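Predicted model, so just to flag it, every value in this text is computed and none were measured. When a ligand or atom number is given, it counts from 1 through the structure's own listing order.
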Amino acid sequence: MIVFLIGYMGSGKSTLGKKLASRLNFEFLDLDDVVEAEADMPISEMFEIFGEDRFRELEETCLKDLAGRSHLLVATGGGAPVHGKNMEWMNANGLTVYLKMSPGMLASRLRPNKTKRPLIAHLADAELEGFIAKHLASREGSYEKAQVIYDANSMNAQRLDELKNIIQKQA
Ligand code: S3P
């Protein structure tokens, strides 16, 4: 069984993912880290040198290479579910969990962490929330194909346990 955490940049896929994986006794993988290791360069450099399309190809390859793994929780990149047939593939190969968060909350979490994310690195702080609201709206149709949709706006230890229980019931 593979659990795929999906959601916008900054929604906590990696941070919550690590905690969830340890509660579930699952291995944790960050898909961005796998892609960076495979390309042997940071994602921001990949975008700059090869462009986004090449990044998306490698992201899809790295995702699909996970087929057949078990006891694995994967934090996917925010764009993975919206490209190609990745969302359908994840739904067919594991349990998809969407960490849903408001644009305001995402903006405040992303503001100090823009630089390593090429899609938002160029934005001024004042533009961030407006950009996220539109971009998220364009992605929401894909994210909402997830088998579990969880409100991640106010996470704490109790809600993390609740999410763990939801995952365990479906696993
Ligand atoms: C992206 C999200 C990033 C990373 C890349 C593109 C996106 O991952 O894959 O910068 O398209 O939303 P995180 O969601 O982990 O920031």
Rounded to the nearest 0.5 Å, what separation is found between the CG atom of Leu163 and the NZ atom of Lys19?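 One gets 12.5 Å once the value is rounded to the nearest 0.5 Å.
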
Could you tell me whether some N/O pair between [X] and ligand 1 is separated by less than 3.5 angstrom?
| X | result |
| --- | --- |
| Leu119 | no |
| Arg117 | yes |
| Tyr8 | no |
| Gly77 | no |

Looking only at protein heavy atoms, identify the closest one to [atom] and say how far it is in Å.
| atom | answer |
| --- | --- |
| atom 8 (O) of ligand 1 | Asp32 OD2, 2.7 Å |
| atom 12 (O) of ligand 1 | Arg139 NH1, 2.7 Å |
| atom 7 (C) of ligand 1 | Gly79 N, 3.2 Å |
| atom 10 (O) of ligand 1 | Pro118 CD, 3.6 Å |

Out of Lys13, His83, Glu59, Glu52, indicate the one that has the non-hydrogen atom closest to atom 14 (O) of ligand 1. Lys13

Does a salt bridge link [X] with [Y], judged by any charged N lying under 4.0 Å from a carboxylate O?
| X | Y | value |
| --- | --- | --- |
| Asp125 | Lys114 | yes |
| Glu59 | Arg56 | yes |
| Lys85 | Glu60 | no |

Indicate yes or no for a side-chain donor-acceptor contact from Arg139 to the backbone of Gly78 under 3.5 Å, with no hydrogens or angles considered. yes

Check for a donor-acceptor pair, side chain of Glu36 on one end and backbone N or O of Pro42 on the other, with a separation under 3.5 Å.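 The answer is no, because no donor-acceptor pair under 3.5 Å joins these two groups.
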
Side chain, backbone, both or neither: Glu36 near ligand 1, heavy atoms under 4.0 Å: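 The answer is neither; Glu36 stays 4.0 Å or more away.
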
Under-4.0 Å heavy-atom contact with ligand 1, by part of Lys116 that carries it: neither

Can you find a non-hydrogen atom of Arg56 under 4.0 Å from ligand 1? yes

Do Val97 and Tyr143 sit in the same hydrophobic cluster, where Ile, Leu, Val, Met, Phe, Trp and Tyr count as joined when their side-chain heavy atoms come under 4.5 Å apart? no

If we count only N and O atoms by modelled type, under 3.5 Å, do the side chains of Tyr98 and Gln147 hold a donor and an acceptor together? no

